[in-house]
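Computed from a prediction, not measured in an experiment: that's the story for all the values here.
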Amino acid sequence: MKLFKDKKIFLLSFLFLSSCIEDAPLDSLSPAGPYARSIDELFWLTFWIAVGVFAIVQGALLFSVFYFKERESSPEPKQIHGNNFLEILWTIIPVLILAVIAVPTVRTIFDLAREPEDALKIEVIGHQWWFEYKYPDFGITTANVLVIPEDRPVRLEMWSNDVLHNYWVPKLNGKRYLVPGQTTYLNLQADSPEEFWAQCGEYCGLSHSKMRGRVISMTEEDFASWVVNEQSYAQKELPESSLAAEGQVVYLNAGCTQCHVIDGVWDVQGDRIAPNLTHFANRSVFAGAALKNNPENLTKWLANPAEIKPGTFMPNLELTEKEINALIAYLGTLK
Ligand code: CUA
């Protein structure tokens, strides 16, 4: 541990080791779809060209330092200032290298921007601090967890409801801004069924770091049944368990409906400023994907949302423990 006596060395080695973590969910160097792969290929091509340039330049430098070292008998070195041939040569070489890199770079930029045929359209709306997803073809509104079919291109049409955000699923594509009053586009495609992490990539206020997301790719059949389930009302009748029924009363009376919608309950239509909760129990995460969806986390969240996500617009409703337990039982029925 003597080596780590110096705090800086310790922190630096930690930073270095953090780049070696296996299966890091936000690792942009392990692409899982064609768009991310084309970026990855471009990265490695550029990287190895840079390594080659580095090796040649450093090699020539080190060779010169030792081979042409000043010795006692050394004559005055030949002066090359103003040598036109050399000036032109070391201008043309970098220009050629940049031109070679520019060809695949420009091609990749255009490939990534092109609208794929047969793409599924999904709208992504940025909010402080969560992502909302709408499937206009299916009439579905959901939040935090984006569900897509495997091996099929998805065309995201994105904008922001408030400030600048940035949508980033490192394993599926690069980043793209979500801008208020302007639509931006991003293509995603996943090779196989998997769960991916998303992260807001632009500082957007107090809880920016907790503005995360999940993207779940499913087989064609699983996706189709997910769509059918999402299109139905999770709740057609009063909940069976008495605790859940109590929870619905809390939901309707404590103020939740000012901001949230559960389709089919209380005839509330249209958008609200907070996530649509219709199929809340099927989502693996909540609160901007900052928390796993389980009773323990829900208890913490409902007791004091701002403690989890500073600046959140979800107020502390001063719920009692009993009300919180009932609400959690009710939310658990929304499948
Ligand atoms: Cu949204 Cu950072």
Side-chain angles (χ1 to χ4, degrees), residues 121-147 156-162 165 178 180 207 210-214 216 226-241 243-291 293 295 297-298 301-302 305-306 308-309 311-319 323-324 326-335:
K121 279 195 180 59
I122 303 174
E123 295 165 355
V124 180
I125 302 130
H127 299 261
Q128 281 172 318
W129 290 275
W130 55 285
F131 291 108
E132 179 174 28
Y133 304 110
K134 291 186 177 196
Y135 298 65
D137 296 345
F138 305 129
I140 293 172
T141 300
T142 183
N144 298 319
V145 180
L146 173 66
V147 177
L156 303 182
E157 300 188 1
M158 317 194 291
W159 62 89
S160 168
N161 199 41
D162 36 53
H165 300 280
L178 275 67
S207 282
K210 295 188 170 173
M211 186 166 171
R212 302 171 197 166
R214 293 285 191 283
I216 296 179
W226 177 83
V227 166
V228 169
N229 186 59
E230 286 284 318
Q231 284 173 326
S232 69
Y233 290 163
Q235 215 209 312
K236 293 160 200 94
E237 293 143 28
L238 261 183
E240 275 174 28
S241 108
L243 188 62
E246 265 174 56
Q248 192 191 45
V249 174
V250 177
Y251 170 77
L252 292 174
N253 294 318
C256 312
T257 51
Q258 293 292 314
C259 305
H260 291 281
V261 171
I262 295 172
D263 293 338
V265 176
W266 205 40
D267 266 347
V268 180
Q269 298 293 328
D271 291 336
R272 287 285 189 279
I273 61 158
N276 182 305
L277 299 176
T278 307
H279 295 274
F280 178 81
N282 288 342
R283 299 176 202 155
S284 54
V285 287
F286 72 101
L291 292 174
N293 189 352
N297 285 336
L298 278 168
W301 175 252
L302 292 169
I308 310 281
K309 274 169 77 177
T312 178
F313 294 114
M314 171 128 163
N316 184 343
L317 294 172
E318 311 284 347
L319 299 167
E323 287 170 327
I324 288 176
L327 256 184
I328 291 172
Y330 174 56
L331 289 170
T333 65
L334 302 175
K335 290 190 173 160

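Taking 4.5 Å as the limit, some side-chain heavy atom of I262 sits within range of a side-chain heavy atom of Y251. With contacts defined as side-chain heavy-atom distances shorter than 4.5 Å, the pair W130/P275 qualifies. Between L327 and I324 there is no side-chain heavy-atom pair separated by less than 4.5 Å. Using a 4.5 Å cut-off on side-chain heavy atoms (C-beta onward), T333 and Y330 make contact. Proximity of Q248 to L252: side-chain heavy atoms (C-beta onward) are separated by under 4.5 Å at one or more points.
The two atoms that bring S232 and H279 nearest to each other are O-NE2, 2.9 Å, heavy atoms only. Shortest non-hydrogen contact noted between V147 and Y135 is O-OH, 2.6 Å.
To the nearest 0.5 Å, the span separating CD on E230 from OG1 on T278 amounts to 8.0 Å. We find the CH2-CD1 distance between W159 and I125 to be 4.5 Å, quoted to the nearest 0.5 Å. From Y233, atom OH reaches atom CG of L334 across 14.0 Å, with rounding to the nearest 0.5 Å. Taking CD of E318 as the start and CD of E323 as the end, the distance is 10.5 Å to the nearest 0.5 Å. Considering NZ of K335 and CG of N229, their distance stands at 10.5 Å, rounded to 0.5 Å. Distance OG/S207 to CZ/R212: 10.0 Å, rounded to 0.5 Å.
A donor-acceptor pair under 3.5 Å is formed between the side chain of D162 and the backbone N or O of Q128. No side-chain donor-acceptor contact under 3.5 Å links S160 to the backbone of H165. When atom types are taken as modelled, the side chain of H260 and the backbone of N276 share no donor-acceptor pair closer than 3.5 angstrom. Between the K309 side chain and the W129 main chain, a donor and an acceptor come within less than 3.5 Å of each other.
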Q | Criterion side chain to side chain contact (heavy atoms under 4.5 Å, CB included) on N293 and L298, from CA distance to verdict | A | CA-CA 7 Å; N293 189 352; L298 278 168; 3.6 Å; yes
Q.
side chain to side chain contact (heavy atoms under 4.5 Å, CB included) for F286 and L331? Distances and angles first, verdict last.
A. CA-CA 12 Å; F286 72 101; L331 289 170; over 6 Å; no
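Contacts of E132 classified as side chain to side chain donor-acceptor pair (under 3.5 Å), with partners at least two apart in sequence or in another chain: H127. With sequence neighbours excluded, no residue forms a side chain to side chain donor-acceptor pair (under 3.5 Å) with N282.
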Just distance, no hydrogens or angles: give the donor-acceptor pairs under 3.5 Å from side chains in residues 136-146, sequence neighbours left out.
from: T142; atom 1: OG1; to: R283; atom 2: NE; distance (Å): 3.2
from: T142; atom 1: OG1; to: R283; atom 2: NH2; distance (Å): 3.4
from: N144; atom 1: OD1; to: G288; atom 2: N; distance (Å): 3.3

